[in-house]
Amino acid sequence: MEKQFEREQIDTKVKEALENNDPDSARAKIQEYLDKEQNVLLNIAVTGESGSGKSTFVNAIKGIDNKDEEAAPTGCVETTMEVTPYPHLNYSNVTFWDLPGIGTTNYPAAEYLKKVGFEKFDFFIIVSADRFRENDVKLAKEIQKMKKKFYFVRSKIDHNIRDEERTQREFNEEKTLTEIRKDCIQGLQKLGLQSPQVFLVSNFDLKLYDFPLLVETLKEELPELQKDAFLLAMPNISLEMIKEKKKAFQAKFFYWAILSAVVAGVPVPGISVAVDMALLVGVVKQYGYGFGLDIKSLKRITKYKSVAYEELRKVLKSPLQSIEVTPDLLLKWLTQSSFTAALLAAEEGARFIPLLGMPVSMGLSFACTYKVLYTILDIIADDAERVFNRVHLNTTG
């Protein structure tokens with residue numbers, strides 16, 4: 001609601017500015033709003049007892065392998081000795097904080113929140129590899145007192161499932177998961193915590209078990225400006241997540257198209273309209289980062305999903321991913337026959353529609369830019385689905 005209300009206010013101010021023939025004011029208001037969205041900080045704390053898999057969880061939620069040079073150190077003994085930030089590789093405003101284990105000599109439970117600097121974190125994820133213990137509950141209660149959110153994550157579920165399958169004559173995965181979840185919840189309740197939420201997670205395959213539910217819960221409970229930041233920073237764990245990311249980008253079409261319309265743009269051969277090519281290049285790069293289709297992200301996938309980089313490139317239909325996007329490359333792509341036809345249709349339709357009180361030339365640029373953004377997003381989101389299906393096929397086949 002807060003975000004919707006803010007957008008309605010921006011829309012009203014932009015319309016007034018355009019009707020008053022003040023495009024500079026319209027551009028400034030939109031840019032201020034987009035900058036605020038893009039730069040909103042999100043600090044996620046991951047904590048728990050030593051050896052619970054905190055660091056592996058941090059790497060997993062960042063979408064990287066434990067062996068990656070950007071990964072948090074992992075091991076069979078406590079490897080996190082200090083509060084350590086790990087900024088997202090594509091979104092520097094989103095930071096995952098790997099916290100030392102609670103209850104260690106250097107970080108006793110009674111002083112834990114103060115020593116780790118709790119005030120800078122937006123929420124806490126409390127990780128355990130087996131049962132949640134008294135220190136976990138003490139921490140949760142202290143976080144509650146600070147009016148912050150916390151979520152329990154039971155890690156290494158894939159190990160439990162594998163062990164049960166080996167030892168039980170009549171193995172039932174869903175029954176095993178239900179029993180583990182029930183045991184965790186009852187254990188937390190016995191230690192005095194009311195109605196705890198526990199999410200069962202495999203750090204090595206986030207699309208399994210409760211991680212999708214954890215992401216949805218976090219997204220719904222975050223303040224509005226942080227929701228998109230969190231969503232776009234998540235690895236693509238499902239086709240549904242790719243669709244949600246697509247919706248997040250679509251919500252910004254209006255603003256990007258206005259920005260393009262109010263500046264002197266680059267003429268597109270074949271149509272009588274100019275667009276802000278630098279803005280379009282920036283948006284296409286945002287698409288790539290959000291869907292994990294930039295060069296570095298694709299190469300990172302190949303490291304821990306056992307699929308060759310060239311195999312991933314083969315499934316991409318867009319020439320704008322897996323290579324460096326430039327204004328010349330984008331302009332060349334826009335002049336292809338299928339794009340030109342779509343833009344001509346948008347141009348023709350816009351001639352008869354007064355758009356927010358814009359002059360006709362700006363209205364044409366707005367309509368064509370909107371169409372470009374829409375068409376490119378469709379193609380790149382489809383590429384993201386193809387990459388997801390190729391990687392999923394490789395890990396299950």
Side-chain angles (χ1 to χ4, degrees), residues 30 34 38 228 231-232 236 239-263 265-295 297-298 312-353 355-356 358 360-389:
I30 289 175
L34 291 177
Q38 188 170 348
D228 283 357
L231 174 65
L232 295 175
N236 294 335
L239 295 177
E240 184 58 36
M241 177 168 282
I242 292 171
K243 288 180 171 60
E244 287 197 43
K245 289 183 177 184
K246 184 177 178 180
K247 289 178 184 176
F249 283 124
Q250 287 172 334
K252 296 176 183 153
F253 282 178
F254 172 79
Y255 304 110
W256 286 327
I258 290 284
L259 287 180
S260 176
V262 299
V263 301
V266 176
V268 178
I271 60 175
S272 58
V273 68
V275 296
D276 184 345
M277 200 59 64
L279 179 143
L280 289 179
V281 168
V283 171
V284 170
K285 288 181 178 179
Q286 286 190 48
Y287 291 168
Y289 293 142
F291 290 117
L293 296 181
D294 58 292
I295 298 172
S297 294
L298 285 174
L312 293 184
R313 286 196 62 178
K314 284 179 183 177
V315 305
L316 300 178
K317 302 299 183 184
S318 162
L320 302 177
Q321 300 308 308
S322 76
I323 51 177
E324 186 63 32
V325 182
T326 65
D328 287 344
L329 174 65
L330 184 56
L331 188 61
K332 181 179 179 181
W333 196 38
L334 293 182
T335 57
Q336 293 177 357
S337 58
S338 57
F339 249 119
T340 302
L343 292 175
L344 283 170
E347 177 189 19
E348 188 62 28
R351 292 184 186 280
F352 306 100
I353 303 174
L355 290 165
L356 296 177
M358 296 180 197
V360 172
S361 60
M362 286 174 56
L364 296 177
S365 180
F366 173 93
C368 289
T369 302
Y370 198 101
K371 183 65 178 178
V372 169
L373 293 169
Y374 187 98
T375 305
I376 294 178
L377 180 62
D378 271 354
I379 294 170
I380 292 178
D382 286 347
D383 273 349
E385 292 190 5
R386 279 188 281 270
V387 168
F388 175 85
N389 287 330

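Residue numbers count from 1 along this sequence. Keep in mind that the numbers below use all heavy atoms, side chains included, and drop hydrogens, waters and symmetry copies. Just so it is clear, the structure is predicted and the values come from calculations on it, not from any experiment.
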message = Quick one, Lys252 with Asp228, criterion side-chain contact (heavy atoms from CB on, under 4.5 Å). Give me CA distance, side-chain angles, the key distance, then yes/no.
response = CA-CA 11 Å; Lys252 296 176 183 153; Asp228 283 357; 4.3 Å; yes
ask   = Is Tyr374 atom OH crowded by more than 12 heavy atoms from other residues, nucleotides or ligands, each under 6.0 Å away?
value = no
ask   = Can you find a pair of side-chain heavy atoms, one from Leu373 and one from Phe249, that are under 4.5 Å apart?
value = no
ask   = Tell me, do Lys285 and Asp294 make a side-chain contact under 4.5 Å, heavy atoms counted?
value = no
Close side-chain approach of Thr369 and Trp256, heavy atoms under 4.5 Å = no
query = Looking only at heavy atoms, which two atoms of Ser297 and Gly292 are closest? And how far apart?
reply = CB-O, 3.4 Å
key: Residue pair Leu259 / Leu34, side-chain heavy-atom distance below 4.5 Å   = yes
remark   = Ser318 and Ile379 have their tightest heavy-atom pair at CB-CG2, 3.7 Å
key: Distance-minimising heavy-atom pair for Leu298 and Leu293   = CD1-O, 3.4 Å
task = Using a 4.5 Å cut-off on heavy atoms from C-beta on, say whether the side chain of Leu330 contacts that of Val372.
result = no
task = Evaluate the side-chain proximity of Phe253 to Leu377: yes if any heavy-atom separation is below 4.5 Å, no if none is.
result = yes
ask   = Which word best sums up how the rings of Phe366 and Phe254 line up, parallel for under 30°, tilted for 30 to 60°, or perpendicular for over 60°?
value = perpendicular
task = With the side chain counted from C-beta on, respond yes when Tyr289 and Leu232 share a heavy-atom pair under 4.5 Å apart, and no when they do not.
result = no
Validation row: Val315, Asn389 side chains within 4.5 angstrom (heavy atoms) = no
query = Has the side chain of Asn236 got a donor or acceptor atom that lies under 3.5 Å from a matching backbone atom of Met241?
reply = no
query = Hey, which of Asp382, Asp378, Asp383 is the one that makes salt bridge (Lys or Arg N to Asp or Glu O under 4.0 Å) with Lys246?
reply = Asp378
